[in-house]
Amino acid sequence: MQGILLQVTRFGFLILLWLFVWAIIRTMRSDLSAATSGRIPIGASRSGRRARSTRSRGSAKYLVVTAGALANTRITLGTQPVLIGRADDSTLVLTDDYASERHARLSPRGDDWYVEDLGSTNGTYLDRSKVTTAVKAPINTPIRVGKTVIELRP
């Protein structure tokens, strides 16, 4: 009886180990496929040289809420980062149950603005892609924070 229990325990541990390895491989594969799927950032070309953006020209001057409880709200952008969330000290304070206290941040880098998720529960999305690191946010591209959608405008 003790030998059978030992074999079942070993087999169970082996199954758990393989499930763990499978989860790691699946995650790495999805990350690699996203990185190599041919998605090229706006303004870049396959050769690595800078190409003209077909989306818009110039740098962002305003942050506009296009959907949600604060629709049509417009914030003038400066040189400081824009903090988005339910916290009272946020630049854009959301009354959205799906937004975290400190949900996301828009930061200027030169003429470009970058969006990053601050460890929110429900995630931040640039167009339809989930933001996991600081990502350049092109002008007129929807950024979803909970039920609120915002865009950078010239």
Side-chain angles (χ1 to χ4, degrees), residues 15-154:
I15 289 173
L16 285 175
L17 181 65
W18 277 109
L19 286 173
F20 178 70
V21 169
W22 177 76
I24 289 172
I25 291 172
R26 186 173 147 211
T27 302
M28 289 175 58
R29 186 174 178 191
S30 68
D31 287 349
L32 286 174
S33 68
T36 60
S37 67
R39 283 186 257 165
I40 300 172
I42 302 262
S45 67
R46 286 197 187 276
S47 64
R49 278 180 266 155
R50 197 88 177 133
R52 283 197 169 192
S53 173
T54 57
R55 260 204 146 114
S56 60
R57 301 177 197 281
S59 61
K61 304 269 189 273
Y62 302 101
L63 179 66
V64 178
V65 179
T66 58
L70 298 173
N72 299 321
T73 300
R74 185 169 96 168
I75 296 173
T76 303
L77 299 172
T79 57
Q80 298 297 316
V82 175
L83 185 61
I84 303 166
R86 290 190 335 225
D88 291 334
D89 63 341
S90 297
T91 312
L92 180 62
V93 179
L94 302 177
T95 56
D96 187 341
D97 291 335
Y98 295 96
S100 298
E101 291 288 315
R102 299 198 187 293
H103 196 103
R105 177 175 40 226
L106 282 164
S107 305
R109 295 184 191 169
D111 286 340
D112 299 323
W113 284 82
Y114 285 76
V115 62
E116 64 181 304
D117 186 79
L118 300 177
S120 66
T121 304
N122 295 315
T124 302
Y125 293 84
L126 177 63
D127 209 356
R128 286 183 215 112
S129 301
K130 189 169 185 175
V131 174
T132 55
T133 62
V135 179
K136 181 180 172 186
I139 294 175
N140 297 325
T141 302
I143 301 167
R144 187 167 55 86
V145 174
K147 291 183 177 179
T148 303
V149 180
I150 58 176
E151 292 181 9
L152 295 169
R153 298 279 173 89

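The figures here come from the full heavy-atom set of this structure, side chains too, leaving out hydrogens, waters and symmetry mates.
- Side-chain contact between Leu70 and Thr148 is absent, with no heavy-atom pair separated by less than 4.5 Å.
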Q.
Evaluate Arg153 against Asn140 for side chain to side chain contact (heavy atoms under 4.5 Å, CB included), listing each step before the verdict.
A. CA-CA 6 Å; Arg153 298 279 173 89; Asn140 297 325; 3.0 Å; yes
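- A donor-acceptor contact shorter than 3.5 Å is absent between the side chain of Thr141 and the backbone of Asp127.
- When all heavy atoms of Val131 and Val135 are compared, the closest pair comes out as CG1-CG2, 4.2 Å.
- Looking only at distances, no side-chain donor or acceptor of His103 sits under 3.5 Å from a matching main-chain atom of Gly119.
- In terms of heavy-atom proximity, Thr95 sits nearest to Ala69 at OG1-CB, 4.0 Å.
- Within the 4.5 Å cutoff, side-chain heavy atoms of Ile150 are placed close to those of Leu106.
- Annotation for Asp88: atom CG does not count as buried by contact number, only 12 or fewer foreign heavy atoms lying within 6.0 Å.
- Judged by distance alone, the side chain of Ser90 and the main-chain N or O of Ala87 form a donor-acceptor pair under 3.5 Å.
- A pairwise comparison of heavy atoms in Lys147 and Tyr98 identifies CE-CE1, 3.0 Å as the closest pair.
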Q: Test Asp96 against Val145 for side chain to side chain contact (heavy atoms under 4.5 Å, CB included), laying out the working first.
A: CA-CA 9 Å; Asp96 187 341; Val145 174; over 6 Å; no
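- Between Pro154 and Tyr62, the shortest heavy-atom distance links the atoms O-CD1, 3.8 Å.
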Q. So Asp111 and Ser59, side chain to side chain donor-acceptor pair (under 3.5 Å) or not? Walk me through it.
A. CA-CA 5 Å; Asp111 286 340; Ser59 61; 4.6 Å; no
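- Taking OH from Tyr125 and NZ from Lys130, the interatomic distance works out to 4.5 Å, rounded to the nearest 0.5 Å.
- A distance of 10.5 Å separates CD of Glu116 from CD1 of Ile84, quoted to the nearest 0.5 Å.
- Once rounded to the nearest 0.5 Å, the distance linking CZ of Arg74 with CG of Asn72 reads 11.0 Å.
- Closest non-hydrogen pair, Ile139 versus Ala60, comes out as CD1-N, 3.7 Å.
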**Q.** Arg105/Thr91 under side chain to side chain contact (heavy atoms under 4.5 Å, CB included): CA gap, chis, key distance, verdict
**A.** CA-CA 9 Å; Arg105 177 175 40 226; Thr91 312; over 6 Å; no
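- With a 4.5 Å cut-off on side-chain heavy atoms, Leu126 and Thr124 do not count as touching.
- In terms of heavy atoms, Ala137 sits closest to Ile143 at CB-CD1, 4.0 Å.
- Ser107 contributes no side-chain N or O that, together with a main-chain N or O of Pro81, makes up a donor-acceptor pair within less than 3.5 Å.
- When side chains are defined from C-beta on, Leu152 counts as touching Leu63, because their heavy atoms get closer than 4.5 Å.
- Within the 3.5 Å criterion, the main-chain N or O of Ala99 finds a donor-acceptor partner in the side chain of Arg86.
- Remark: Asp97 CG to Asn122 CG distance equals 10.0 Å, nearest 0.5 Å.
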